[in-house]
Amino acid sequence: MSRTVRFGCSGINWRSLGIYISIVSFSLIVGFRWDVGVDYMTYYELASGYFTQSQLDRIEPFARYTAQIVYTNGLPFYMWFILMAFLQYFFVVKSVDRDKGYLLFYAVLFYLCYMLAFSMNIVRQAVAFSILLYAYNYIYRKKIFHYAIWCVIAALFHKSALVMLPFYFLANLKLNISAFFQILITFLFFVIGKTVISEFILSLSNLWILIGYEGVVNRIEDQVKTIEMGGGLGMVFNYLKYTIVILYSEKLKETYSDCGFNVFYNLFFIGICIYGVTMMDMYLSRLSQYFLVCDIMVSSFLIHYLLKVKKTGINRLLGIGLNLLIVFISIYSLSTAQEWKFV
């Protein structure tokens, strides 16, 4: 229950106040950054009105119109970045605001660790990720119309969000696949991605260079080199964490059956399989993020279970320690990837 302190006839809901302060703080800190993120200067030009009409036509409506509102009214360009940061964070908070409020702290923590780098590098798509994370709640509530509407809204920021429409039906399935076979499937997708698919992805990268995207590809590769220095270790810990989640998945489904864990887990599992075969390519791997954004919820459920439900045992210590290591690696990678500057 939220703590309320009354002064005269008014009251302060400290939980709500804390949420509002965190949303505003995140929006301002991320919005006021300068030249942090792979596509920052492209979006700077968009928000400053430097795009030609043909360039504007390739941008989805909400992202385009909000940028036009900013520069046609003489507002500073960073107002657009503040708005995008606000939407990204707001919908993450809304994802746990109703029946999963006890997960709020964990969800915010894992969002910052897992998605902050994406939110600065692929701004429009990151907004779509957050909107869809909120939309997934309507899958387990069996409100297909609400889900479809939010998918369309997400697509108005990045059209690729429409690929999630058919997953309304797949996400609700209750599959009885043992933990062993889930781990085996994950491993097989990883091996296929590192061998067969990697050669195919490489040929696609060469094709992009041939059609004139060499500068963009080189710029992105240069800026992710620092992240990749810790990426091997981070990937190992991620897959260890995936294994722990899979091992605990049945217990988590039983414990949080009323909170939609099954839906978030199904999408998460699809995501780690897709990630295994696409992680060698910086563009195709973004598709997996529509599923892996559910890692925010799945990890939150896991930590809550280990801390509040299963309070003893070596597995509890292992799970908590592993997630803390992932948090540390994420923060370290983000802090060393690029120097933070502000306008």
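None of the values given here were measured: they were computed from a predicted structure.
- By the rule that hydrophobic residues join a cluster once side-chain heavy atoms approach within less than 4.5 Å of another member, Ile82 and Tyr20 end up as members of separate clusters.
- Residue Asn266 comes nearest to Ala171 through the heavy atom pair ND2-O, 2.9 Å, listed as atom of the first residue, atom of the second, then distance.
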Discussion item. Pair Tyr102, Tyr106 - check ring pair (Phe, Tyr, Trp, His ring centres under 6.0 Å), show working.
Written reply: CA-CA 8 Å; Tyr102 52 88; Tyr106 309 121; 8.6 Å; no

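- For the atom pair CG of Leu302 and OH of Tyr265, the computed distance is 11.0 Å after rounding to the nearest 0.5 Å.
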Item to complete: Evaluate the criterion side chain to side chain contact (heavy atoms under 4.5 Å, CB included) for residue pair Ile272 and Leu292; output intermediate values, then yes/no.
Response: CA-CA 7 Å; Ile272 61 178; Leu292 286 180; 3.5 Å; yes

Practice prompt. Give the intermediate values and the outcome of side chain to side chain contact (heavy atoms under 4.5 Å, CB included) for residues Tyr242 and Ile183.
Written response: CA-CA 9 Å; Tyr242 297 159; Ile183 293 171; over 6 Å; no

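- A 4.5 Å side-chain heavy-atom check between Phe86 and Val24 finds every atom pair outside the cut-off.
- At most 12 heavy atoms of other shown residues, nucleotides or ligands fall within 6.0 angstrom of atom CG in Asp258.
- Using a 4.5 Å heavy-atom cutoff, the side chains of Thr243 and Ile246 are not in contact.
- Leu87 and Val152 are not part of a single hydrophobic cluster, where members link through side-chain heavy atoms under 4.5 Å apart.
- The two residues Leu133 and Cys294 have their closest heavy-atom pair at CD1-CA, 4.2 Å.
- Atom CZ of Phe187 is separated from atom CD1 of Ile192 by 10.5 Å, given to the nearest 0.5 angstrom.
- Within the 4.5 Å cutoff, the side chain of Lys143 has no heavy atoms near those of the Tyr147 side chain.
- In this structure Glu250 satisfies the salt bridge (charged side-chain N to carboxylate O under 4.0 Å, His left out) test together with Lys253, sequence neighbours excluded.
- Residue Ala107 comes nearest to Ile296 through the heavy atom pair O-CG2, 3.4 Å, listed as atom of the first residue, atom of the second, then distance.
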Item to complete: Would you check, one step at a time, whether the test side chain to side chain contact (heavy atoms under 4.5 Å, CB included) holds for Val277 with Cys273?
Response: CA-CA 7 Å; Val277 298; Cys273 292; over 6 Å; no

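- By the criterion of side-chain heavy atoms lying less than 4.5 angstrom apart, applied directly or through intervening Ile, Leu, Val, Met, Phe, Trp or Tyr residues, Met41 is grouped together with Leu46 in one hydrophobic cluster.
- Judged by distance alone, the side chain of Ser130 and the main-chain N or O of Val127 form no donor-acceptor pair under 3.5 Å.
- Two residues are said to be in side-chain contact when any heavy atoms from C-beta on lie closer than 4.5 Å; Met297 and Phe261 fail this criterion.
- For the side chain to side chain donor-acceptor pair (under 3.5 Å) test with Tyr89, the passing option among Ser119, Ser25, Ser27, Ser22 is Ser22; the others fail.
- Counting only heavy atoms from C-beta outward, the side chains of Tyr136 and Leu267 approach each other to under 4.5 Å.
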Practice prompt. Output, in order, the C-alpha distance, side-chain angles, deciding distance and verdict of side-chain hydrogen bond (donor to acceptor under 3.5 Å, both in side chains) for Tyr43 and Arg124.
Written response: CA-CA 9 Å; Tyr43 288 119; Arg124 293 175 295 129; 3.0 Å; yes

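- A side-chain donor-acceptor contact under 3.5 Å links Tyr256 to the backbone of Tyr305.
- Going from atom OG1 of Thr66 over to atom CG of Leu156 covers 11.0 Å, rounded to the nearest 0.5 Å.
- Under a hydrophobic-cluster definition in which Ile, Leu, Val, Met, Phe, Trp and Tyr are linked whenever side-chain heavy atoms come within less than 4.5 Å, directly or via other members, Leu132 and Leu170 are assigned to the same cluster.
- Contacts of Val70 classified as side-chain contact (heavy atoms from CB on, under 4.5 Å), with partners at least two apart in sequence or in another chain: Leu75, Met79, Trp80.
- A 4.5 Å side-chain heavy-atom check between Phe268 and Phe264 finds every atom pair outside the cut-off.
- Rounding to the nearest 0.5 Å gives a distance of 10.5 Å between CD1 of Ile185 and CZ of Phe180.
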Worksheet entry | Phe81 vs Phe32, side chain to side chain contact (heavy atoms under 4.5 Å, CB included): CA-CA, chis, key distance, verdict | CA-CA 7 Å; Phe81 284 97; Phe32 277 123; over 6 Å; no

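- Taking the charged nitrogens against the carboxylate oxygens, Lys241 and Asp295 do have a contact shorter than 4.0 Å, which makes a salt bridge.
- In this structure Glu254 satisfies the side-chain hydrogen bond (donor to acceptor under 3.5 Å, both in side chains) test with no other residue, sequence neighbours excluded.
- Aromatic ring centroids of Phe91 and Trp150 lie under 6.0 Å apart.
- No donor-acceptor distance shorter than 3.5 angstrom exists from the side chain of Gln289 to the backbone of Phe129, with no hydrogens or angles considered.
- With sequence neighbours excluded, the residues satisfying side-chain contact (heavy atoms from CB on, under 4.5 Å) with Ser48 are Tyr44, Tyr50, Phe77.
- Listed here is the closest heavy atom pair of Cys151 and Ala161: O-CB, 4.2 Å.
- The backbone N or O of Ser257 lies less than 3.5 Å from no partner atom in the side chain of Asn262, so there is not a single donor-acceptor pair.
- Between Met115 and Val293 the shortest heavy-atom distance is CE-CG2, 4.3 Å.
- For residues 158-178, the side chain to side chain donor-acceptor pair (under 3.5 Å) pairs, not counting sequence neighbours, are Glu60-Lys159, Gln125-Ser160, His158-Ser160, Ser160-Tyr290.
- The backbone N or O of Tyr134 lies less than 3.5 Å from a partner atom in the side chain of Asn137, making a donor-acceptor pair.
- Looking only at side-chain heavy atoms (C-beta outward), Phe26 and Tyr111 come within less than 4.5 Å of each other.
- To the nearest 0.5 angstrom, Ile131 atom CD1 is 7.0 Å from Ile153 atom CD1.
- Both Phe105 and Phe110 are members of a single hydrophobic cluster when ILVMFWY side chains are connected at heavy-atom separations under 4.5 Å.
- Of the inter-residue distances, the one linking Ile149 atom CD1 with Tyr138 atom OH reads 11.0 Å to the nearest 0.5 angstrom.
- When every heavy atom of Val123 is checked against every heavy atom of Gln88, the shortest pair comes out as O-NE2, 3.4 Å.
- The shortest side-chain heavy-atom distance between Phe167 and Phe291 falls under the 4.5 Å cut-off.
- Not a single salt bridge (charged side-chain N to carboxylate O under 4.0 Å, His left out) links Lys100 to another residue, sequence neighbours left out.
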